Amino acid sequence: MSVFSRSDIEALEAGWMEYGIFDFDTRTQRSHSHKAYRNALDVGKLCMDYADFLEDDPDGEKVRDLLEIAEDLRL
């Protein structure tokens, strides 16, 4: 746990609180219905586009910020 920041832990806790109640099949169904997954699948991509996760980025500012550090991102 020491490698995680406070915000990392908060995000993990929030994810667990929202999705931890579901079984594997339900979580898979929910994640595979997300826009990012559908868009990647529709065009035959192996990776999802970060921009597809940012539904509240009408002017593209968040996408530009991510592009600046994209080479350093690890998921």
Side-chain angles (χ1 to χ4, degrees):
M1 293 294 287
S2 64
V3 298
F4 296 112
S5 68
R6 178 180 296 259
S7 62
D8 290 338
I9 293 170
E10 289 171 359
L12 289 168
E13 287 174 345
W16 179 256
M17 293 302 294
E18 186 168 348
Y19 298 104
I21 61 171
F22 300 120
D23 62 23
F24 177 81
D25 291 335
T26 303
R27 280 192 306 272
T28 300
Q29 183 180 33
R30 289 174 65 103
S31 66
H32 288 191
S33 67
H34 191 279
K35 172 184 164 184
Y37 183 87
R38 289 191 328 268
N39 286 351
L41 186 63
D42 288 347
V43 296
K45 288 184 179 178
L46 297 178
C47 298
M48 291 179 266
D49 190 329
Y50 291 123
D52 290 338
F53 287 99
L54 304 173
E55 297 169 357
D56 63 342
D57 191 31
D59 63 357
E61 181 179 353
K62 292 178 184 177
V63 171
R64 287 191 300 278
D65 288 345
L66 281 174
L67 287 172
E68 289 181 20
I69 61 167
E71 289 184 18
D72 299 324
L73 288 177
R74 299 294 180 261
L75 299 177

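Source: prediction; values computed, not measured. These values consider heavy atoms only, across backbone and side chains, with no hydrogens, waters or symmetry-generated copies.
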Report the residues that fulfil side-chain contact (heavy atoms from CB on, under 4.5 Å) with Asp23, sequence neighbours left out, ordered by chain and then residue number.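 Applying side-chain contact (heavy atoms from CB on, under 4.5 Å) to Asp23 gives Asp25, Thr26.
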
Residues two or more places apart in sequence or in another chain: which of them pass side-chain contact (heavy atoms from CB on, under 4.5 Å) with Ala11?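 Partners of Ala11 by the side-chain contact (heavy atoms from CB on, under 4.5 Å) criterion come out as none, since no residue qualifies.
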
Residues that, via side-chain heavy atoms closer than 4.5 angstrom, fall in one hydrophobic cluster with Ile21: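 In the cluster with Ile21 are Tyr19, Phe22.
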
Should side-chain heavy atoms under 4.5 Å link Ile, Leu, Val, Met, Phe, Trp and Tyr, which residues sit in the same cluster as Val43?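 Besides Val43, the hydrophobic cluster comprises nothing; the residue is isolated.
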
Taking only residues two or more places apart in sequence, or in another chain, which ones meet Ser31 in a side-chain hydrogen bond (donor to acceptor under 3.5 Å, both in side chains)?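 With sequence neighbours excluded, Ser31 shows a side-chain hydrogen bond (donor to acceptor under 3.5 Å, both in side chains) to no residue whatsoever.
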
Listing request: all side-chain hydrogen bond (donor to acceptor under 3.5 Å, both in side chains) pairs with a residue in residues 9-18, at least two apart in sequence or in separate chains.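 Of all non-adjacent pairs touching residues 9-18, none passes side-chain hydrogen bond (donor to acceptor under 3.5 Å, both in side chains).
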
On a heavy-atom basis, which atom in Ala40 and which in Met48 lie closest, and how many Å separate them?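 Looking at all heavy atoms of both residues, the shortest contact is CB-CG, 4.0 Å.
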
List the atom pairs, donor and acceptor, that lie under 3.5 Å between side-chain atoms in residues 1-8 and the rest of the protein, sequence neighbours left out.
residue: Ser5; atom: OG; partner: Ser7; partner atom: N; Å: 3.4
residue: Ser5; atom: OG; partner: Ser7; partner atom: OG; Å: 3.1
residue: Ser5; atom: OG; partner: Asp8; partner atom: N; Å: 3.1
residue: Ser5; atom: OG; partner: Asp8; partner atom: OD1; Å: 3.4
residue: Ser5; atom: OG; partner: Asp8; partner atom: OD2; Å: 3.2
residue: Asp8; atom: OD2; partner: Ser5; partner atom: N; Å: 3.0

